[in-house]
Every structure is written in C-alpha cells, then in structure tokens.
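Below: one structure, written as structure tokens.
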Amino acid sequence: MTRKPRGRDERSPLASIGLHATLLTATTIALFPVVWVFLASLKPQNAIQSSEIRLFDNPTLDNYRRVLFETSFPSWFLNSVVVAVFTMAIGISMSATAGYALSRFNFPGKRGVMWLFLITQMFPVAILIVPIYTIMSSLGLIDTKASLVIAYCSVAVPFCTWMLRGYFDTIPRELDDAAALDGLGPFKTFWYVVLPLARPGLAVTAFYTFLTAWGEVAYAIAFILSDKNLTLGAGLQQFVPRFNPQWDLLTAGAVLIMLPASLVFYFAQKHLVAGLTAGGTKG
C-alpha cells in the first residue's frame, strides 16, 4: 500500500517553525536592501553620509523634488521607457515567431539554430560590447536609442525563444491540425489559436525583455554619448562622480526606477509562474 504524503495539518510543530523561520529569513534578506535604499532616500545628504546609523533622520521628500525638477532625470526616464517598450515589443514578436517555428516545423539547420541561440547565452556582456559597438558604429547608430534596442534584443531574444519554444511544445499539436482543417494557414493558426493560449509564456517574455532594457548600464554607457539620449542606468551614474557623490539624489532616483518595473511585474505576475514552469520543463 502506497503511503500518502503528509499534508499541512500533519506537519510537526518543529517543522512548521523551521519552515516559517526560513521563509522569514529569506524575505528579510531580499527586502532589506530595498527598504534601506528607500529609507536613505528620505534622509538629507549629511544624514546619509553620517557614520551614525539611523533608520529615520529628519525624513523629507526634498530629494525626490530635486531629482524630478533640478536634474535631467525626466529625460532619462522617457528615454528608458522608449527603449524598454520597443525592446519588449520587438523581443516578443521575434521570440514568439521563432519559438513557434522551432516548436512546430522541421527544417534544415533547426538543431543548429537552437544550439546557436543557446551558445549566445554563454558570452558575458563585457565580451560582446566591443563587437556590437563596432557594428553599431559602421551603421551610424552610435548615440541613438536604436543601438540600445538592437543590443538588448540580441541579449533577450535567444533566451526568450528557447523559453517560448518549450511553452509552445505544451500546447497540443491537435489544435494546429484542427485549425488547418478549418482552412487556417500556419500564420493564422499561430495568431488566432496558439498565441491566445500562450499568454503566460508571453507575459514572462514581456517581463524579461522589459527588465533587460530597463536600467541597464553597460551598453548604455558604451553606446550613448550625449546627455539628451542617456537612459536611467547611465544617467544615474552622474550622481556618483569620483569626488563628492550625491547619495541623496542617487537613492531617490533608484526608488523611482523601481516603480515602473514593479508595475510591469504586478500586471504580469499571475502568468509568471505558469509561464516559467511550462517553458522550463519542455525542450
């Protein structure tokens, strides 16, 4: 006779205490840096740089006012929104179509393409900056938002293609056959039948591509030269020069950067678990 797994009601008190203590510790470790930056953003500059540690020290919103009205932060924010939205839109389109093709069709070089997508994930950003910069320079795209969109898509699309390919594998092929019997071609089958069922996977793709572009620093510093085209990741570095860093402005800017990412996560979170698990268990 098989033994039934122990349920929540059958867990011993000691196991419950250990489980809750572990979860509480992990939550504290994850939230501590965020809370610390938020509290620091409410302090005046002299309090942030003080050697005496206090959670609250003359709380004020003046740091946020200065960031929003006395710096180029709004321009950086708008540039980041444009780059992130275009990266997300192009990344989803390319990843979804490529993932569907790899999932449903057999063609010469299919395995090689899959391995190529996988190999590209092995190279760190530091190695890729120089060749991508050379390409962008030859195309005349240096100091443009387009250069960042292309660079970010080159990072996000291979991973998202692999993930969506795994998710499309979980959608029964019989639906494609039924759509073909109804007279739908491959593109209409993909658009009207498969995509609506792949919303969890698309949500994960959207979230990942957005975060890839939002607040990224390395490519932004290398490709963008003028202040008017700076994005948030590169722009905030102006608050921490080698001498006299402005930690008050940096912490306030860091909190403001988190808000859009949190908003995107809020709308995508109900699909994230299903999309990640489905994409990670097939392939």
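No hydrogens, no waters, no symmetry mates; every other heavy atom, side chains included, goes into these values. Index from 1, following the sequence. Computed from a prediction, not measured in an experiment: that's the story for all the values here.
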When you measure from the side chain of [X] to the backbone N and O of [Y], does any donor-acceptor pair fall under 3.5 Å?
{"X": "Asn229", "Y": "Thr144", "value": "no"}
{"X": "Lys110", "Y": "Phe105", "value": "yes"}
{"X": "Trp214", "Y": "Ile257", "value": "yes"}
{"X": "Arg104", "Y": "Ala101", "value": "no"}
{"X": "Ser137", "Y": "Thr134", "value": "no"}
{"X": "Gln246", "Y": "Leu250", "value": "no"}
{"X": "Asp143", "Y": "Leu225", "value": "yes"}
{"X": "Thr87", "Y": "Cys153", "value": "no"}
{"X": "Gln237", "Y": "Val240", "value": "no"}

Q) Heavy-atom count around Phe86 CZ within 6.0 Å, excluding the residue itself: above 12? A) no

Discussion item. More than 12 heavy atoms of other residues, nucleotides or ligands under 6.0 Å from CE of Met258: yes or no?
Written reply: yes

Side-chain heavy atoms of [X] within contact of [Y], under 4.5 Å:
{"X": "Ser154", "Y": "Ile132", "result": "yes"}
{"X": "Thr71", "Y": "Arg66", "result": "no"}
{"X": "Phe77", "Y": "Leu256", "result": "no"}

Using a 6.0 Å distance limit plus a 45 degree cone around the ring axis, check whether Lys43 lies over the aromatic ring of Trp36. yes

Transitively linked via ILVMFWY side-chain contacts under 4.5 Å: [X] with [Y]?
{"X": "Phe123", "Y": "Val155", "value": "yes"}
{"X": "Leu24", "Y": "Leu19", "value": "no"}
{"X": "Val217", "Y": "Trp247", "value": "no"}
{"X": "Ile221", "Y": "Val82", "value": "no"}

- Is there a side chain to side chain contact (heavy atoms under 4.5 Å, CB included) between Met88 and Thr205 once you walk through the steps? CA-CA 8 Å; Met88 183 169 62; Thr205 302; over 6 Å; no

If you round to the nearest 0.5 Å, how far is [atom2] of [Y] from [atom1] of [X]?
{"X": "Asn79", "Y": "Lys145", "atom1": "CG", "atom2": "NZ", "result": "4.5 Å"}
{"X": "Ile90", "Y": "Ile150", "atom1": "CD1", "atom2": "CD1", "result": "8.0 Å"}
{"X": "Thr231", "Y": "Leu78", "atom1": "OG1", "atom2": "CG", "result": "11.5 Å"}
{"X": "Glu216", "Y": "Thr212", "atom1": "CD", "atom2": "OG1", "result": "9.0 Å"}
{"X": "Phe210", "Y": "Ile92", "atom1": "CZ", "atom2": "CD1", "result": "11.5 Å"}
{"X": "Ser41", "Y": "Leu249", "atom1": "OG", "atom2": "CG", "result": "11.0 Å"}

Item checked: Test side-chain hydrogen bond (donor to acceptor under 3.5 Å, both in side chains) applied to Ser103 and Asp169, step by step -> CA-CA 6 Å; Ser103 173; Asp169 284 346; 2.6 Å; yes

Of the non-hydrogen atoms in [X] and [Y], which two are nearest, and what is the gap between them?
{"X": "Thr209", "Y": "Gly91", "result": "CG2-CA, 4.3 Å"}
{"X": "Ile171", "Y": "Leu175", "result": "CG2-CD1, 3.9 Å"}
{"X": "Ala254", "Y": "Leu236", "result": "N-CD1, 4.3 Å"}
{"X": "Trp162", "Y": "Leu118", "result": "NE1-N, 3.5 Å"}
{"X": "Phe168", "Y": "Ala198", "result": "CE2-CB, 3.6 Å"}
{"X": "Val255", "Y": "Phe38", "result": "CG2-CA, 3.9 Å"}

Decide salt bridge (Lys or Arg N to Asp or Glu O under 4.0 Å) for Asp177 and Arg173; before the verdict, give the C-alpha distance in whole Å, the side-chain angles of both, and the deciding distance to 0.1 Å. CA-CA 7 Å; Asp177 298 335; Arg173 292 176 179 266; over 6 Å; no

Practice prompt. Output, in order, the C-alpha distance, side-chain angles, deciding distance and verdict of side chain to side chain contact (heavy atoms under 4.5 Å, CB included) for Asp176 and Tyr100.
Written response: CA-CA 11 Å; Asp176 299 53; Tyr100 181 73; 2.7 Å; yes

- Should the ring pair Phe159 and Tyr208 be called parallel, tilted or perpendicular, given that the plane angle runs from 0 to 90° and is split at 30 and 60? tilted

Can you say whether the rings of Trp76 and Phe239 are parallel (under 30°), tilted (30 to 60°) or perpendicular (over 60°)? tilted

